[in-house]
Amino acid sequence: MQDTIVIRPYLRLSGLEPLVIRPETNFVNVGERTNVTGSKKFARLIKENKYEEALSVARQQVESGAQVLDVNMDDALLDGVQAMTTFLNLVQSEPDIAKIPIMIDSSKFEIIEAGLKCVQGKCIVNSISMKEGEAKFIEQAIICQSYGASVIVMAFDEKGQADTKERKVNICHRAYKILTEQVGFEPQDIIFDPNIFAVATGLEEHNNYGVDFIEATREIKQLMPLTKVSGGVSNLSFSFRGNDHVREAMHSVFLYHAIKAGMDMGIVNAGQLVVYDEIEPQLRELCEDVILNRNNDNNEATEKLISFAETVKAKGKVEVKDEAWRNNPVEERLKHALVNGITDYIDADTEEARQKYSTPLEVIEGPLMNGMNVVGDLFGAGKMFLPQVVKSARVMKKSVAILTPYIEAEKEERKQAHLAAGTVNAEAAGAPKVLLATVKGDVHDIGKNIVGVVLGCNGYDIIDLGVMVPADKILDTAEKEKADIIGLSGLITPSLDEMVHVAHEMKRRNMKQPLLIGGATTSRMHTAVKIAPQYNNGVLHILDASRSVTAVSTLLSKEKKDLLQKTANEYEGLRNQFLNKNKKDLVPYTEAVITKEYFDWKSYKPVKPAVDGIKVLKEFDLGIIAKYIDWGPFFIAWEMPGHFPEVLSDKIFGAEANRLYQDAQKLVQQIVTEKWFTASGVIGFWPATTNNADTITLQTENGVVKLESLRQQLKKAVGQPSYSLADFIKPKELGDDYIGSFAVTIHGAKKHIEKFAAEHDEYNKIMVQILADRFVEAFAECLHERTRKEYWGYEKDERLSNEQLIKEEYKGIRPAPGYPACPDHTEKLKLFLLLNVTENIGIELTESLAMNPPASVCGWYIAHPQSHYFGLGKIGKDQLADYAKRKGMTIEEAEKWLRPVLE
């Protein structure tokens, strides 16, 4: 008999992927920059009708960690309905953006309703209220419900906005009863905004606004426990605008108390937050007096905070090196070194501890593990960040390396003693073992390495098999080493199929270890639909390194069964959702070709490339490449959200981000000066035309080469074209055109990665890996600029800053096989043949068509001034069949390579 699946009453949102807000879910961050009232850049792009470019703002929000995307088009100079419709339709065709839920934000309900007609999944409407009476409120709520949306309800009625606790609670409760009893809303689909107002204004009637919100939140959650509470935090500190130091502290103090009272989500600028524990005590107490309205008779607390604010307006921060910790006992010194990542004294302190304790193992199990437990707790609580944890691992590994020879000597002594006495030597089983591997065909392992470090910091024994590991080796090693958990990683799309194969083999072998799935190409939905059904003893998708510790510790505890059952139920729900979901509205492929993007080809005069054929660039100047580095992805790789350079002044991440940036700059200088890396590239250009559909024909010295493109099929608003890369090349009957291609790589990183690994320096090991990726991307940017100005020469007078290059303000594009506009990796084979890549610069392709060395990039050069990037989205079986025929593949082979984009 099949078990009953219990659907718990959580707020369930979705884009392409689900977002379930459970009781244990942390504060939910809503991306705020796709809002014409809050982002000058976004507003400018929308007003200039540059919707495709405006998508980059949304994409940056997703990449920076937004869990929900707020979209607002309220501007007097905009047609809000048209703008919302156009932008959201485009968002839906970009899988990397559309994966998160949308918050449709407007004060005009006709704009909200227009947005509701565009979004897939389950969105949030922001907002409705009773300010125009119950009838209008019910009418709008019914419309929202008919589209399956959750709603934010403002504490606003016919008398105005609620400003006291009683009014906030009463209005919200009244709205709740109307929504649940008359409209039929589920309680968990209701989100209340009880209004956050400014405090410390000098008016006594405003002094209790903070308390009113916090206490109203507490009472709302008690009275209506399944609902959620949201709010706009920046309103609170409006009186102190211009004094970021005080505003940051106020926001942090307010959120500390509001979240404890039950606040679930909000649009909060992470750049205006500081860790609660790190606020100087005097300022924290003053903020709490004002926000909690304590000691505030005759505005006394307000006056004190205002006076304090004046003293810190121009106050600079002076860093003083405090060595007082060196006077503490050795246990405290070791803990301090671990928490702060200090290796300066680790040799002496480890030796002192070894002399103090009976055995070297006691040093590891005692003060070292106690220190790492503190690191784990701080990381789990969000009070330490990934770069700090990796530095802690470096300290731990150096200390353990000092103790290891003594431990091995003691083991040998015990072994000889047992041999002499004729007794059995039973050594302890040791720490739980986690086996990690990047699957066969894939060479990318930065994320896996970071997970290994984080788990190692939490006391687990990590068996890292490296990259391109076949299924048999993974499973043989797991059985031989008696691993407790197996973790698989992969970056490229074909790795997903290999993960399915590993899971199937685990079931065939009747293995019992839980299987963890992670990596950039993986998702919770794919894990649930494709991998989990292959293996019955637990499959979990791990989003990032910070989630790995909780998952592993639970899987190794008595709560394992509950977690696996809960996950199995959730994945069953996801599979049902996937099978029963509404199919996307696709247009026939023949119609998509007709609605291609058209250009004035007769007026377009293509520039003949200055380079005829192929040009190889060996040992390119690293100093020149370094100037093109985009530091944004560097911080994302270290799981530090936000944009560069803003992240350096972020009040949560800023201090550590600056240290990380300084370390990286020093290492970049060393890499350049000492020539750690060798940069090589190859480019080529050929005459090219299209068949006015999706085939690009190249004329090469070895004959004709045909590149096959894929075309968007998602139904769009009237007048919106269905894009294909072939659209940007001139049709044959209209004359000649050109296309280029490139491949670049960084050799030499592996040697230094292995050196740092041998020195137990995980921090610099991962730093070199990440910088190798940054260098090769910078090389691609540098080479593209030289191509536009010199090697092709179609934009000889271009003068752009590095920031403008990063924002892609140049003419032309360089799409890469395997990426959103051209997701088929097999086109890479043609590129490698055209440029003779392996022989010229030493990049090899794996069987899954990943490039090795991992720090390698390749792609096409397209020069048309109106060419642009796009995401393909889903395609239909009709295009699949046509594409397979054009490629000379079977349908099954084409499906294998295109599976992620198939409807």
Side-chain angles (χ1 to χ4, degrees), residues 15-16 31 33-36 39-63 66 69-73 75 78-100 102 114-115 118-120 584 587 592 595-600 604 694 709-729 784 795 800 803-816 819-823 859-875 901:
L16 292 176
R33 306 311 295 168
T34 44
N35 183 324
V36 295
S39 168
K40 289 181 180 179
K41 176 183 177 181
F42 184 72
R44 174 179 58 80
L45 293 172
I46 296 298
K47 289 174 183 176
E48 293 175 0
N49 211 33
K50 295 180 178 178
Y51 286 95
E52 291 280 349
E53 201 173 333
L55 287 173
S56 66
V57 179
R59 186 173 289 105
Q60 287 167 353
Q61 292 284 280
V62 178
E63 291 171 352
L69 189 69
D70 180 89
V71 180
N72 181 297
M73 297 292 180
D75 187 286
L78 279 177
D79 179 343
V81 170
Q82 185 272 334
M84 183 68 79
T85 300
T86 302
F87 185 70
L88 288 183
N89 276 334
L90 288 171
V91 165
Q92 304 313 301
S93 66
E94 301 287 339
D96 53 336
I97 305 173
K99 67 182 181 181
I100 70 170
I102 300 295
C118 302
V119 295
Q120 57 199 349
K584 290 183 176 58
V587 299
T595 58
K596 61 178 286 186
E597 190 167 15
Y598 291 90
F599 300 104
D600 182 4
Y604 176 63
D694 290 318
S709 304
L710 290 159
R711 182 172 298 279
Q712 291 179 330
Q713 280 187 262
L714 189 70
K715 188 173 184 179
K716 298 185 181 182
V718 176
Q720 291 288 332
S722 300
Y723 301 123
S724 165
L725 289 178
D727 293 346
F728 308 136
I729 304 294
H784 193 191
E795 199 69 13
L800 298 177
E803 289 71 25
Q804 289 174 302
L805 292 177
I806 290 168
K807 293 176 182 176
E808 299 165 359
E809 293 182 10
Y810 45 76
K811 292 180 181 177
I813 56 174
R814 58 171 192 273
Y819 282 79
C822 43
W860 308 107
Y861 288 141
I862 296 176
H864 193 281
Q866 290 172 271
S867 60
H868 55 81
Y869 297 103
F870 59 89
L872 178 67
K874 297 293 184 182
I875 66 171
V901 298

* Starting from the C-alpha separation in whole Å, work towards a yes-or-no answer on salt bridge (Lys or Arg N to Asp or Glu O under 4.0 Å) for Arg44 and Glu48. => CA-CA 6 Å; Arg44 174 179 58 80; Glu48 293 175 0; 3.6 Å; yes

* Basic-acidic side-chain contact under 4.0 Å: Asp727, Arg711 -> yes

Heavy-atom pair of closest approach, residues [X] and [Y]:
X: Gly873; Y: Pro95; result: CA-CG, 4.2 Å
X: Val91; Y: Ala98; result: O-CB, 3.4 Å
X: Phe87; Y: Leu55; result: CE1-CD2, 3.9 Å
X: Ala863; Y: Tyr604; result: C-OH, 4.2 Å
X: Cys822; Y: Pro815; result: SG-CB, 4.1 Å
X: Asp96; Y: Arg59; result: OD2-NE, 2.6 Å

Tell me, do [X] and [Y] make a side-chain contact under 4.5 Å, heavy atoms counted?
X: Pro721; Y: Thr595; answer: no
X: Gln720; Y: Leu90; answer: yes
X: Lys715; Y: Val587; answer: yes
X: Leu78; Y: Ile46; answer: yes
X: Lys874; Y: Leu714; answer: no
X: Asn35; Y: Val71; answer: no
X: Ile813; Y: Phe728; answer: yes

* In terms of the angle between their ring planes, are Phe599 and His864 parallel, tilted or perpendicular, with boundaries placed at 30° and 60°? -> tilted

Roughly how far, to the nearest 0.5 Å, is [atom2] of [Y] from [atom1] of [X]?
X: Leu45; Y: Lys50; atom1: CG; atom2: NZ; answer: 7.0 Å
X: Met73; Y: Met84; atom1: CE; atom2: CE; answer: 6.0 Å
X: Trp860; Y: Leu725; atom1: CH2; atom2: CG; answer: 10.5 Å
X: Gln713; Y: Ser724; atom1: CD; atom2: OG; answer: 11.0 Å
X: Gln712; Y: Ser93; atom1: CD; atom2: OG; answer: 5.0 Å
X: Thr34; Y: Leu69; atom1: OG1; atom2: CG; answer: 3.5 Å

With [X], which residues qualify under ring-ring contact (aromatic ring centres under 6.0 Å, His included), at least two apart?
X: Tyr51; result: none
X: Tyr723; result: His868, Phe870
X: Tyr810; result: His784

* Please say whether more than 12 non-hydrogen atoms of neighbouring residues, nucleotides or ligands are located less than 6.0 Å from OH in Tyr819. => no

* Answer yes or no: are there more than 12 heavy-atom neighbours, outside Lys41 itself, under 6.0 Å from its atom NZ? => yes

* Would you say the side-chain atoms of Ser56 pair up with the backbone N or O of Glu53, donor to acceptor, closer than 3.5 Å? -> yes

* Walk me through it: do Tyr869 and Glu808 pass the test side chain to side chain contact (heavy atoms under 4.5 Å, CB included)? => CA-CA 10 Å; Tyr869 297 103; Glu808 299 165 359; 3.5 Å; yes

* Report the C-alpha separation of Arg814 and Ile862 in whole Å, then their side-chain angles, then the decisive distance to 0.1 Å, and conclude whether the side chain to side chain contact (heavy atoms under 4.5 Å, CB included) test is met. => CA-CA 6 Å; Arg814 58 171 192 273; Ile862 296 176; over 6 Å; no

